[in-house]
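Notes follow the structure.
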Amino acid sequence: MSKKIEVDFEICEANGVCMGIIPEVFELDDEDYLHVLQDEVTPDNEAQVREAVRQCPRQAITIRE
Ligand code: SF4
């Protein structure tokens, strides 16, 4: 089973903390909408994705296993 990143856009406040940690996955556009560029958790990105989960001030990011 692959692991997927999920963002609760209802509570995300678009502060960009996650993008600062791993911009390959999280991107804020010019209108401050957050996009998940790729939602798969891989061995390469897992440590940084988990750091983003930890540091998101709104706890808006989860990993579905
Ligand atoms: S760190 Fe959390 S609140 Fe900030 S943009 Fe990312 S998901 Fe949204």
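One-based numbering, in listed order, for ligands and for the atoms of each.
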Taking atom CD of E65 as the centre, report whether more than 12 heavy atoms of other residues, nucleotides or ligands fall under 6.0 Å from it.
yes
Only pairs under 3.5 Å count here: list side-chain donor-acceptor contacts from residues 13-28, not counting sequence neighbours, and write none if there are none.
from: E13; atom 1: OE2; to: N15; atom 2: ND2; distance (Å): 2.8
from: N15; atom 1: OD1; to: V17; atom 2: N; distance (Å): 3.1

Protein N, O or S within less than 2.8 Å of atom 8 (Fe) of ligand 1, waters excluded
C12 SG
Quick one: salt bridge (Lys or Arg N to Asp or Glu O under 4.0 Å) pairs with a partner in residues 29-46, sequence neighbours left out?
K3-E46, K4-D39, K4-E40, E46-R50
Minimum heavy-atom separation for I61 and A52, please, with both atom names.
CD1-O, 3.7 Å
Mind checking side chain to side chain donor-acceptor pair (under 3.5 Å) for Q48 and listing every partner two or more places apart, or none if nothing turns up?
none
Rounded to the nearest 0.5 Å, how far does CD1 of I5 lie from CD of Q38?
6.0 Å
